[in-house]
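Residue numbering restarts at 1 for every chain, and letters A, B, ... go by the order of the sequence lines.
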Protein chains: 2
Amino acid sequence: MTKQRISDVLRSHGVCPTQQRVAVYEYLLTHRTHPTADTIYHALVQEFPSFSRTTVYNSAKALAKAGLIRVITIDAEEQRFDAGIENHGHFRCTHCNEVFDFPVSEESVTALSPASFEGNTWDVYVTGVCPHCQASL
Amino acid sequence: MTKQRISDVLRSHGVCPTQQRVAVYEYLLTHRTHPTADTIYHALVQEFPSFSRTTVYNSAKALAKAGLIRVITIDAEEQRFDAGIENHGHFRCTHCNEVFDFPVSEESVTALSPASFEGNTWDVYVTGVCPHCQASL
DNA sequence: TACTCTAATTGTAATCATTACAAATTAAAA
DNA sequence: TTTTAATTTGTAATGATTACAATTAGAGTA
């Protein structure tokens, strides 16, 4: 996706497409690794020398509010950000501390959500040891 | 459950049953409100004037490691603790900020957990507006 | 293009939950 | 008891996140 296209997406979601917001969203679209604010900051400060940590949080907040990204709190210490907004769960490996996606069907989500509550967003977090770390143990 | 009984439970889970740990576990057993460390601290400092915030965290960590309680991170700002360890999900109301339990069936959990990952613990977090707040809006 | 107004960015400082640490206390075994 | 190891506790440190005010950039208008 080109920067121009990303700008259009932001605009169509009511988000003013500043250079920084476009850069943050582009980074998340091309790095599906659930990066932390600090990781994003270090990656983008090279492109924008005046880039600020605060801008990462501000941009992410604007993108999350518009429904373009999700904030993941599977890690108690720090937030992670994810451009994938379709149905999926998150798995955190306690050994390598990476976060992976795994598929979650529409039916199982429907089965989960309590009927009497409204306007629901859901997160499925699973913690354990990933296949790669299992092999190396 | 008496203090004596709680002591036995801790001991049988390999946790040295100190007064403070018994008090924290008793508080969580009798208050299924998913309290924060601060809430527990304020409640117990009345019983133990020398009670410390650090002890809440230490005790909770020991209890969680023994599998007696769970740490809930549905709230990005602060941890919550829950003596309920059977299958259930957590719902956070964005209006009153309370956390409620809701049932999650064994099958839906099995359907969720990715097969290739091991030693899994899972958390299902749903966010929205609770029935009580829906009525008052 | 220049102008204007509003919104966004940025750097610094503050906040606040959580943890580190070392001294004092307690638990449990001998 | 006495001893020893584990736990508690108060204070200080940590570190992610936010508040804030000054600067800068975005987008519409003439």
Distance, rounded to the nearest Å, where [X] contributes [atom1] and [N] contributes [atom2]:
{"X": "A:L10", "N": "C:dA7", "atom1": "CG", "atom2": "C1'", "answer": "15 Å"}
{"X": "B:E77", "N": "D:dA16", "atom1": "CD", "atom2": "P", "answer": "16 Å"}
{"X": "A:F51", "N": "C:dT12", "atom1": "CZ", "atom2": "P", "answer": "16 Å"}
{"X": "B:E78", "N": "C:dT15", "atom1": "CD", "atom2": "C1'", "answer": "13 Å"}
{"X": "B:D75", "N": "D:dT17", "atom1": "CG", "atom2": "P", "answer": "14 Å"}
{"X": "B:F48", "N": "C:dT26", "atom1": "CZ", "atom2": "P", "answer": "12 Å"}
{"X": "A:R80", "N": "D:dT17", "atom1": "CZ", "atom2": "P", "answer": "11 Å"}
{"X": "B:L44", "N": "D:dT8", "atom1": "CG", "atom2": "P", "answer": "12 Å"}

Between A:N58 and A:R53, which has a closest nucleotide on DNA chain D that is more 5'?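 With A:N58 and A:R53 compared, the 5'-side residue is A:R53.
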Between A:Q19 and A:D38, name the one whose nearest nucleotide on DNA chain D is closer to the 5' end.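 Result of the comparison: A:D38.
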Please examine the side chains of B:R53 and B:V45, heavy atoms only from C-beta on, and report whether any two atoms are closer than 4.5 Å.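 No. Closest side-chain heavy atoms not under 4.5 Å.
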So, do B:Y25 and B:V9 sit near enough that their side-chain heavy atoms are less than 4.5 Å apart?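 In short, these two side chains touch, coming nearer than 4.5 Å.
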At less than 4.0 Å, is any side-chain N or O atom of [X] found next to OP1 or OP2 of [N]? Yes or no.
{"X": "A:Y57", "N": "D:dT17", "result": "yes"}
{"X": "A:Q20", "N": "D:dA25", "result": "no"}
{"X": "A:T18", "N": "C:dT9", "result": "yes"}
{"X": "A:S50", "N": "C:dT10", "result": "yes"}

B:R21 has a side chain; which of D:dT8, D:dT17, C:dT9 sits nearest to it?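 Minimum distance to the B:R21 side chain belongs to D:dT8.
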Output the single nucleotide from D:dT9, D:dA27, D:dT17 whose closest atom is nearest the side chain of A:A37.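 Looking only at heavy atoms from C-beta outward on A:A37, the closest nucleotide is D:dT17.
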If the threshold is 4.0 Å, N to carboxylate O, is there a salt bridge linking B:E98 and B:R80?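 No, no charged N to carboxylate O under 4.0 Å.
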Name the residue closer to the 5' end of DNA chain C, choosing between B:K61 and B:R11 according to the nucleotide with the nearest heavy atom.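 That would be B:K61.
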May I ask you to decide if the ring planes of A:H88 and A:H90 are parallel, tilted or perpendicular, using 30° and 60° as cut-offs?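 If you compare the ring of A:H88 with that of A:H90, the planes turn out perpendicular.
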In this structure, is the centre-to-centre distance between the rings of B:F102 and B:F91 below 6.0 Å?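 No, the ring centres sit 6.0 Å or more apart.
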Need one value for A:T54: base, sugar-phosphate or nothing, where a base atom within 4.0 Å counts as base even if backbone is also close, heavy atoms only.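 A:T54: base contact, heavy atoms under 4.0 Å.
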